[in-house]
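Every number for a ligand or one of its atoms is a count from 1 in the order of the listing.
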Amino acid sequence: MEKPSKIAPATGKLGVLLPGMGAVSTTFMAGVELVRKGKSQPVGSLTQMGTIRLGKRTDGRSPLIKKFVPLAELKDLTFAGWDIFKDNAYQSAANAGVLNPQDLEKVKPFLSTIKPMKAAFDRDFVKLIDGPNIKKGKNKYELALQIKEDIANFRKTSRASRLVTCWCGSTESFVKPEDVHSTPEKFIEGMKSNHPAIAPSMLYAWASVTSEVPFANGAPNLTVDIPAIQKLAHDHNVAICGKDFKTGQTLMKTILAPGFKARMLGLDGWFSTNILGNRDGEVLEDPGSFKTKEESKLSVLEYILQPQLYPQLYGKMHHKVRINYYPPRGDNKEGWDNIDIFGWLGYPMQIKVDFLCRDSILAAPIVLDLVLFMDLAQRAGMRGIQEWLSFYFKSPMTAPGLYPEHDLFIQSMKLKNTLRWMKGEDLITHLGQEYYD
Ligand SMILES: NC(=O)c1ccc[n+]([C@@H]2O[C@H](COP(=O)([O-])OP(=O)(O)OC[C@H]3O[C@@H](n4cnc5c(N)ncnc54)[C@H](O)[C@@H]3O)[C@@H](O)[C@H]2O)c1
């Protein structure tokens with residue numbers, strides 16, 4: 001890809017479209033409003049709090065990222081979403097129980113105005129929930145056209161100059177890429193004939209991309225990870241990225257595993273178990289949805305540890321992931337990891353990690369960063385898969401045939417170097433010989 005010759009300024013409003021107005025979406029919107037009102041800090045957001053070093057260590061140039069690249073400002077964000085339930089964003093946030101009532105009260109008038117548009121939904125893909133706020137149409141193509149109309153209406157009524165979509169809907173049942181996903185033409189035919197391998201999330205993706213709206217996928221669903229949508233993204237000059245927000249346990253895994261590998265410590269096994277009680281946990285009780293999530297969570301260690309290069313260290317590793325729905329915990333997931341490592345001469349050691357995390361608190365700043373960076377990519381003319389945003393995903397999308405980078409620190413360098421590259425600054429290699437001349 002060529003370096004952007006110029007980046008269009010972030011003038012006007014940025015409309016954020018959220019398919020799925022559950023725990024993550026509402027925590028994100030409520031958080032943006034709390035920060036805008038000066039009542040809270042955007043902790044966890046690289047775009048809001050992060051700096052970027054430019055030039056030599058002795059140059060003393062480390063601007064805030066948001067001052068270095070032209071990002072949309074929080075005051076310019078405006079929101080819309082779809083959901084199968086009719087609850088407005090305030091009711092949905094209260095139901096999700098992530099934020100405490102005092103915080104929610106401060107943004108109640110704002111959240112109450114955000115009412116979900118009717119969803120394109122199919123119980124074959126999300127078996128354990130059902131709701132009344134659902135579009136009707138004679139086939140999937142008609143539903144996708146209705147989503148396009150929603151997008152056009154929002155563009156008009158919000159007077160946004162640009163839009164970005166971020167899928168925050170439920171995890172759908174596992175789907176493998178098939179012939180129907182291979183070209184835009186076959187995909188349209190498939191929508192018209194109600195092909196069973198076309199999931200609702202793909203209808204939102206098709207509608208967004210063909211409306212020139214960038215699309216980020218926060219769930220492990222296939223969605224934009226199919227040639228048909230990727231070709232459309234290319235043809236329509238639209239940025240896409242995914243998939244599955246990297247929060248909680250996988251975040252910890254991609255922080256710890258690179259450290260073991262860097263020090264050539266061996267790994268016999270990694271057993272991960274989770275209990276969570278939110279609607280996401282309920283959906284993941286279904287084996288089809290769990291399989292989609294499991295695939296996304298399992299690949300991480302293989303790619304980081306590279307057992308094919310280090311058979312003595314990682315050739316026999318056992319990796320297991322369990323997720324159990326346990327309502328009393330709500331959104332406050334507990335992720336236990338038992339890690340069996342070995343050191344010098346093969347002597348075994350154990351590490352136990354018990355992460356009492358808050359899923360949506362970790363996911364909300366990711367949504368914000370993705371929305372702002374996808375808008376930046378779009379204004380810079382960067383179309384197709386945005387691999388530099390793999391920092392945010394459990395299963396980063398890559399060009400065909402390219403293995404994904406899962407190591408959080410490589411991902412972070414890739415992201416920051418991409419920003420430097422976009423602005424014509426020197427890339428940072430960390431070589432540093434020049435300081436000793
Ligand atoms: N919270 C995290 O840390 C985290 C991490 C990685 C991925 N995710 C993924 O993000 C997504 C959202 O998570 P959440 O905790 O907000 O879940 P949630 O269940 O609270 O919200 C999802 C919402 O999507 C709605 N929905 C389902 N199908 C829809 C459709 N076809 N159209 C419109 N709305 C639809 C549901 O009614 C629900 O309100 C899930 O797929 C989850 O797996 C979350």
Side-chain angles (χ1 to χ4, degrees), residues 17-30 44 80-89 91-98 116-135 140 143-144 146-147 150 165-173 198-205 207 216-223 242-252 274 276-286 289-290 292-297 323 325 330-333 335 355 357-367 370 392-395:
L17 285 155
L18 301 162
M21 279 180 39
V24 172
S25 290
T26 56
T27 307
F28 156 62
M29 291 187 282
W82 295 266
D83 207 285
I84 67 170
F85 298 106
K86 289 189 171 157
D87 294 346
N88 65 43
Q91 293 160 328
S92 175
N95 175 44
V98 177
M117 298 178 276
K118 284 190 175 162
F121 186 66
D122 183 345
R123 277 206 85 190
D124 284 348
F125 285 90
V126 182
K127 296 205 167 50
L128 297 184
I129 55 171
D130 202 0
N133 198 35
I134 292 176
K135 291 188 191 306
K140 296 183 182 186
L143 298 179
Q146 288 176 33
I147 300 173
D150 292 342
T165 306
C166 184
W167 173 269
C168 291
S170 306
T171 300
E172 296 172 334
S173 282
I198 296 186
S201 63
M202 293 174 184
L203 306 183
Y204 291 91
N217 179 17
N221 314 332
L222 212 50
T223 317
K243 52 193 195 220
D244 204 5
F245 301 132
K246 178 149 86 173
T247 56
Q249 199 165 50
T250 309
L251 175 66
M252 296 308 287
N274 297 272
L276 77 162
N278 56 14
R279 195 182 284 154
D280 188 29
E282 189 179 354
V283 167
L284 292 172
E285 277 282 280
D286 171 56
S289 292
F290 174 69
T292 312
K293 198 59 147 182
E294 189 186 29
E295 292 277 321
S296 172
K297 282 177 163 258
I323 300 177
Y325 177 52
D331 198 65
N332 297 348
K333 180 164 84 181
F355 190 9
C357 81
R358 292 173 188 267
D359 251 6
S360 303
I361 293 294
L362 293 168
I366 297 185
V367 181
L370 284 172
Y392 296 107
F393 295 112
K394 282 194 193 79
S395 299

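- Contact atoms of ligand 1 toward Asp244: 6 (C), 7 (C) (distance under 4.0 Å to a heavy atom of the residue).
- Taking 4.0 Å as the cut-off, Val283 does not count as a neighbour of ligand 1 on heavy-atom distance.
- For atom 9 (C) of ligand 1, the closest non-hydrogen atom on the protein side is Gly218 O, 3.6 Å.
- Within the 4.5 Å cutoff, no side-chain heavy atoms of Val98 are placed close to those of Arg358.
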Practice task
Show your reasoning for whether side-chain contact (heavy atoms from CB on, under 4.5 Å) applies to Leu17 and Met117.
Solution key: CA-CA 10 Å; Leu17 285 155; Met117 298 178 276; 4.1 Å; yes

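- The closest side-chain heavy-atom distance from Leu276 to Asp331 is not below 4.5 Å.
- Taking CD from Gln249 and CD1 from Ile323, the interatomic distance works out to 8.0 Å, rounded to the nearest 0.5 Å.
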Problem - Worked verdict on Asn217 versus Ser201 for side-chain contact (heavy atoms from CB on, under 4.5 Å) - result: CA-CA 9 Å; Asn217 179 17; Ser201 63; 5.9 Å; no

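- Taking CD1 of Ile84 as the start and CZ of Phe121 as the end, the distance is 4.0 Å to the nearest 0.5 Å.
- Residue Val24 has at least one nitrogen or oxygen atom sitting less than 3.5 Å from a nitrogen or oxygen atom of ligand 1, judged on distance alone.
- Polar contact with ligand 1: present for Thr247 (N/O pair, distance under 3.5 Å).
- Some N or O of Ala23 is nearer than 3.5 Å to an N or O of ligand 1, by distance alone.
- A distance of 11.5 Å separates CG of Asn88 from CG of Asp83, quoted to the nearest 0.5 Å.
- Less than 4.0 angstrom separates some heavy atom of Ala219 from each of these atoms of ligand 1: 41 (O).
- Under a 4.0 Å heavy-atom criterion, Lys394 is in contact with ligand 1.
- The protein non-hydrogen atom at the shortest distance from atom 32 (N) of ligand 1 is Tyr204 OH, 2.8 Å.
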Practice task
Would you sort out whether Asn133 and Lys118 count as a side-chain contact (heavy atoms from CB on, under 4.5 Å), showing the intermediate values?
Solution key: CA-CA 5 Å; Asn133 198 35; Lys118 284 190 175 162; 3.3 Å; yes

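- Counting heavy atoms from C-beta on, the side chains of Glu172 and Pro200 come closer than 4.5 Å.
- In this structure, the separation between OG on Ser92 and CE on Met29 is 7.5 Å, given to the nearest 0.5 Å.
- Interface of Ala363 with ligand 1, defined as ligand atoms under 4.0 Å from a residue heavy atom, comprises 1 (N), 2 (C), 3 (O).
- Looking only at heavy atoms of the protein, atom 19 (O) of ligand 1 is closest to Arg279 CB, 3.2 Å.
- In terms of modelled atom types and a separation under 3.5 Å, the side chain of Ser25 and the main chain of Gly20 share a donor-acceptor contact.
- Of the protein's non-hydrogen atoms, Ser170 OG, 3.8 Å is the one closest to atom 26 (N) of ligand 1.
- Nearest non-hydrogen protein atom to atom 37 (O) of ligand 1 is Asp83 OD1, 2.7 Å.
- Close approach to Phe85 involves these atoms of ligand 1, each under 4.0 Å from a residue heavy atom: 37 (O).
- An N or O contact shorter than 3.5 Å is missing between Trp167 and ligand 1 by distance.
- Residue contacts with ligand 1 do not include Gly131, since none of its heavy atoms lies under 4.0 Å from the ligand.
- Closest to atom 17 (O) of ligand 1 among all protein heavy atoms lies Asp280 CB, 3.8 Å.
- Every atom of ligand 1 is numbered from 1 in the order shown, and the set under 4.0 Å from a heavy atom of Ala119 is 32 (N), 33 (C).
- Of the listed options Pro116, Cys168, Cys357, Cys168 places a heavy atom closest to atom 12 (C) of ligand 1.
- Applying the 4.0 Å criterion to heavy atoms of Ile84 picks out, from ligand 1, the atoms 37 (O).
- Each of the atoms 40 (C), 41 (O), 42 (C), 43 (O) of ligand 1 lies under 4.0 Å from some heavy atom of Thr171.
- Residue contact annotation: Phe125 has no non-hydrogen atom under 4.0 Å from ligand 1.
- Taking any N or O of Gly169, backbone or side chain, at least one lies under 3.5 Å from an N or O belonging to ligand 1.
- Residue Ala120 has at least one N or O atom closer than 3.5 Å to an N or O atom of ligand 1.
- In terms of protein heavy-atom proximity, atom 21 (O) of ligand 1 is closest to Gly22 CA, 3.3 Å.
- Here's the thing with Asp331: none of its N/O atoms is less than 3.5 angstrom from an N/O atom of ligand 1.
- If you take OG1 on Thr250 and CE on Met252, they are separated by 11.0 Å, rounding to the nearest 0.5 Å.
- The CG atom of Leu143 lies 8.0 Å from the NZ atom of Lys135; values are rounded to the nearest 0.5 Å.
- Here the rule is ring pair (Phe, Tyr, Trp, His ring centres under 6.0 Å) with Trp167, and of Phe245, Tyr204, Trp82, Phe393 only Tyr204 fits it.
- Distances below 4.0 Å separate heavy atoms of Asp359 from the following atoms of ligand 1: 1 (N), 2 (C), 3 (O).
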Exercise for the section: Quick one: do Asn95 and Phe85 satisfy side-chain contact (heavy atoms from CB on, under 4.5 Å)? Show the steps, please. Expected result: CA-CA 12 Å; Asn95 175 44; Phe85 298 106; over 6 Å; no

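- Annotation: side chain of Thr247 is not in contact with side chain of Cys357 (no heavy-atom distance under 4.5 Å).
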